[in-house]
Enquirer: 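Input: one structure, supplied below.
Counting from 1, the numbers follow the sequence of the chain as shown. These numbers come from a predicted model, not from an experiment.
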Amino acid sequence: MDSNRLNDRLQILGMLGIIASLVFVGLQLKQTDEIASIEGQESAVQRHYDMLSLMAGNADVWQRGCIGEELSATERAQFAKIFTVYANNNFAGWRRLELTNYRATGSKSSINSFAANIHRYPGFAAAYSSQLAWDILGTGDLGNTYGKYRWLVSERVEELARIEPEPHYDAEWCGRN
C-alpha cells in the first residue's frame, strides 16, 4: 500500500513537473515573440526615418515630382527612386500589419495614406501608375499579396475622389504616412 501511494505521489509530481515545464516553455515563447515584435517595430521606425531623410535630402525634387512639375531626366530618376522607397516601405508596413494583431487599424492606415497621396498629388499618381505598369510588364503577375494591396489602394482612391473631388494640398505633405 505504501509503495502504491508513493508511486501515485511520484506520478503526480511527475505530471506537475511536466505542466510546470510546459508553462515555462510557453512563457519563454511569449517573451521571444514580444522581443521579435519590438525588434520589428524598431526596424520599421528606422526604415521610416531613412525614407524621411531621403525625402528631406531631395525635398525640391520630391515636392516638384509629387505635384507633377517638369523634371529633368536626372530629377525624374531621383524622384522615381524616392517614390520606390516610399512605395516599398508603405507596402512592407501594410504587409507586416496584415500578418500581426494590428490588422484592423494599422493596415488600413497604410492603405489610406498611400491612397491619399495618389489622390492628392498628380505626380505621385503618375509615378504609381508608371511603376505598376512596369511591374506588370516586367513580371506579368503582381502576386496575390500585392494584388490585394493594389486593389485596396484603388478602392480607397475611388472613395477619396467622391469625398474630395478637387483636392488641393501643399507639396510639403506629399509622402506623409
Enquirer: Treating Ile, Leu, Val, Met, Phe, Trp and Tyr as nodes and any side-chain heavy-atom pair under 4.5 angstrom as an edge, say whether Val157 and Trp173 lie in one connected cluster.
Expert: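 Cluster IDs for Val157 and Trp173 match.
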
Enquirer: Quick one: pull up CG in Asn88 and CD in Gln131 and give me the separation to the nearest 0.5 Å.
Expert: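 If I round to the nearest 0.5 Å, the distance is 6.5 Å.
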
Enquirer: Looking at Leu71 and Val61, what are the two nearest heavy atoms and their distance?
Expert: CD2-O, 4.4 Å

Enquirer: What distance separates Tyr121 OH from Arg176 CZ, expressed to the nearest 0.5 Å?
Expert: 9.5 Å

Enquirer: Can you check whether Arg150's main-chain N or O pairs, donor with acceptor, with Ser154's side chain at less than 3.5 Å?
Expert: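 The answer is yes, because a donor-acceptor pair under 3.5 Å joins these two groups.
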
Enquirer: Between Leu152 and Glu155, is a side chain to side chain contact (heavy atoms under 4.5 Å, CB included) present by the stated rule, with each step listed?
Expert: CA-CA 5 Å; Leu152 291 169; Glu155 189 176 71; 4.2 Å; yes

Enquirer: Answer yes or no: is there a side-chain heavy-atom contact under 4.5 Å between Phe91 and Ser110?
Expert: no

Enquirer: Just jot down the side-chain contact (heavy atoms from CB on, under 4.5 Å) partners of Pro167, sequence neighbours excluded, or say none.
Expert: His119, Arg120, Glu164, Tyr169

Enquirer: Without swapping roles, check the side chain of Arg156 against the backbone of Asn112 for a donor-acceptor pair under 3.5 Å.
Expert: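 Between the backbone of Asn112 and the side chain of Arg156 there is no qualifying donor-acceptor contact (under 3.5 Å).
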
Enquirer: Checking the side chain of Trp62 only, and the main-chain atoms of Cys174 only, is there a donor and an acceptor separated by less than 3.5 Å?
Expert: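 Confirmed, Trp62 side chain pairs with Cys174 backbone.
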
Enquirer: Is there side-chain contact between Met55 and Leu52, with at least one heavy-atom pair below 4.5 Å?
Expert: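 Answer yes - side chains close enough.
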
Enquirer: Can you measure from CG (Asn7) to CD1 (Ile12) and round to the nearest 0.5 angstrom?
Expert: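 Separation between the atoms: 10.0 Å.
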
Enquirer: Tell me whether the count of non-hydrogen atoms from other residues, nucleotides or ligands lying under 6.0 Å of CD in Glu70 goes above 12.
Expert: no

Enquirer: Under the ring pair (Phe, Tyr, Trp, His ring centres under 6.0 Å) rule, collect the residues that match up with Phe124, sequence neighbours excluded.
Expert: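 Applying ring pair (Phe, Tyr, Trp, His ring centres under 6.0 Å) to Phe124 gives Phe83, Tyr86, Phe114.
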
Enquirer: What distance do Leu10 atom CG and Met15 atom CE have between them, rounded to the nearest 0.5 Å?
Expert: 11.0 Å

Enquirer: Glu172 and Gln63: which non-hydrogen atoms are nearest, and at how many Å?
Expert: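 Closest approach of Glu172 to Gln63: CA-NE2, 3.4 Å.
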
Enquirer: Is any side-chain heavy atom of Met51 closer than 4.5 Å to a side-chain heavy atom of Leu54?
Expert: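 Not in contact.
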
Enquirer: Can you tell me how far apart CG (Leu97) and NZ (Lys108) are? Round to the nearest 0.5 Å.
Expert: 14.0 Å

Enquirer: Taking C-beta and beyond as the side chain, do Gln46 and Asp50 meet within less than 4.5 Å on heavy atoms?
Expert: yes

Enquirer: Are Asn117 and Tyr128 linked by a side-chain donor-acceptor pair shorter than 3.5 Å?
Expert: no

Enquirer: To check you understand the geometry: which heavy-atom pair defines the closest contact between Ala87 and Tyr149, and what is its length?
Expert: O-OH, 4.5 Å

